[in-house]
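Since the structure comes first, as structure tokens, the remarks are kept for the end.
Given the structure is predicted, the values throughout are model-derived calculations rather than measurements. Order of listing sets the numbers, starting from 1, for every ligand and every atom in it.
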Amino acid sequence: MEQAIDWKNLGFEYMDTGSHVRAEFKDGQWTRPQLVKGNQLNLHIASTCLHYGQACFEGVKVFQRVDGTVACFRAPTHADRFASSAARLCMTAPPSELFIEAVATLVRANRSYIPPYGTGASFYVRPLLIGSSPIIGVHESHEYIFIVLGLPVGPYYKNGLVPVRGLVQEQYDRAAPNGVGHVKAAGNYAAGMLGDKEARARNFDISLYLDSATHTFVDEFTTSNFIGITRDRRFVTPDSKSVLPSVTNNCLQQIAADMGFTIERRPVRWDEIGNFSEIGACGTAAVITPLYSLTRGSETLTFGDPKTPGPVLSSLYAEIQAIQYGTKPDRWGWIHPLST
Ligand code: COI
């Protein structure tokens with residue numbers, strides 16, 4: 001089957017690899033993660049995930065590296081973020097070791113779906129946690145299902161490091177100030193779908209949300225964090241209670257600091273956006289997506305060339321990919337080798 005995969009032209013689309021990994025939390029204990037053939041799940045129709053949105057997920061990348069080995073990027077950090085998402089949604093998360101063992105089991109079983117080095121593609125792992133007890137009052141589940149599926153992917157926004165056009169969402173908010181915007185709740189993404197659909201209908205590629213209380217500060221995109229670069233070498237990213245702590249953003253901050261940039265994590269006012277020389281979206285799936293333009297109402301701000309990514313985002317992208325694919329040393333211990 002793998003011969004049929006056009007590795008160099010993969011998008012970010014579902015592909016069935018024939019198996020996934022599953023563990024269950026029942027009677028106060030987690031079962032060991034098991035490889036399960038197929039892609040169907042038998043679920044009680046009154047499960048809390050279906051009615052009350054008790055569901056959270058992660059996105060983790062696995063790479064075949066220049067030396068032929070396979071490694072997972074920042075697995076323990078993703079396991080920790082998964083646990084904090086679960087805690088906020090009153091769910092029981094699998095321990096970090098179980099999370100990592102499940103990813104390793106999935107990767108071993110899906111070896112033929114891991115894109116070869118040099119194709120620019122990666123294997124995207126999607127851990128998912130759902131409440132599965134049948135409960136009709138609004139209470140947390142006693143039972144949970146932890147699923148890990150994976151598939152080969154190319155860039156999230158088509159063409160990878162090519163600038164896109166963004167729209168600021170004025171009509172809809174993504175997350176309330178003390179809500180769940182800072183965790184990877186499945187419902188956060190449902191909340192962004194209508195705005196995204198309407199933006200796509202107007203030929204925009206990506207939607208940006210402002211703080212829901214005042215619409216004065218930048219929060220994040222539907223899919224990813226916001227980063228801005230200034231001409232005087234500052235890397236600026238919003239500090240907001242409603243923003244997901246992006247693992248990729250954290251990596252880029254460390255790489256940028258190493259390149260001599262000043263890192264500013266602070267509230268970012270909409271009216272300072274025009275001062276940035278480059279702006280981008282960053283996340284595990286997107287890595288870095290530069291924006292050529294950002295439209296808010298009748299105002300459109302532009303950044304650099306519509307076809308060419310700016311020099312700073314290009315070099316940050318090259319650097320994180322070099323660490324992921326092993327052509328540069330893993331200076332911060334981000335690489336988690338997996339046996340295949
Ligand atoms: C990721 O970047 O891994 C995400 O989970 C974002 C998702 C919308 C694809």
Min N/O separation Phe12 to ligand 1 under 3.5 Å: no
Write out the residue and atom name of the closest protein heavy atom to [atom], then the distance separating them to 0.1 Å.
atom	value
atom 1 (C) of ligand 1	Tyr124 OH, 3.4 Å
atom 2 (O) of ligand 1	Ala285 N, 2.8 Å
atom 9 (C) of ligand 1	Tyr156 CE1, 3.6 Å

Plane angle bin for Trp30 and Phe25 - parallel if under 30°, tilted between 30 and 60°, otherwise perpendicular: tilted
Any Arg126 heavy atom less than 4.0 Å from ligand 1: yes
Lys184 and Tyr189 side chains, donor-acceptor separation under 3.5 Å: yes
Donor + acceptor pair across side chains of Gln253, Arg265 (<3.5 Å): yes
Stepwise side chain to side chain donor-acceptor pair (under 3.5 Å) test for Arg74 and Asn250: CA-CA 11 Å; Arg74 303 205 64 176; Asn250 174 274; 2.7 Å; yes
Distance-minimising heavy-atom pair for Pro152 and Trp7: CB-CZ3, 3.8 Å
Atom of Val218, atom of Phe226 and distance for their closest heavy-atom approach: CG1-CG, 3.7 Å
Per-residue contact class, Lys184 against ligand 1 - non-hydrogen pairs under 4.0 Å: side chain
Show me which atoms of ligand 1 lie under 4.0 Å from any heavy atom of [X].
X	result
Gly59	3 (O)
Tyr189	8 (C)
Thr223	6 (C), 8 (C)
Phe57	5 (O)

Centroid separation Phe82 to Phe99 less than 6.0 Å: yes
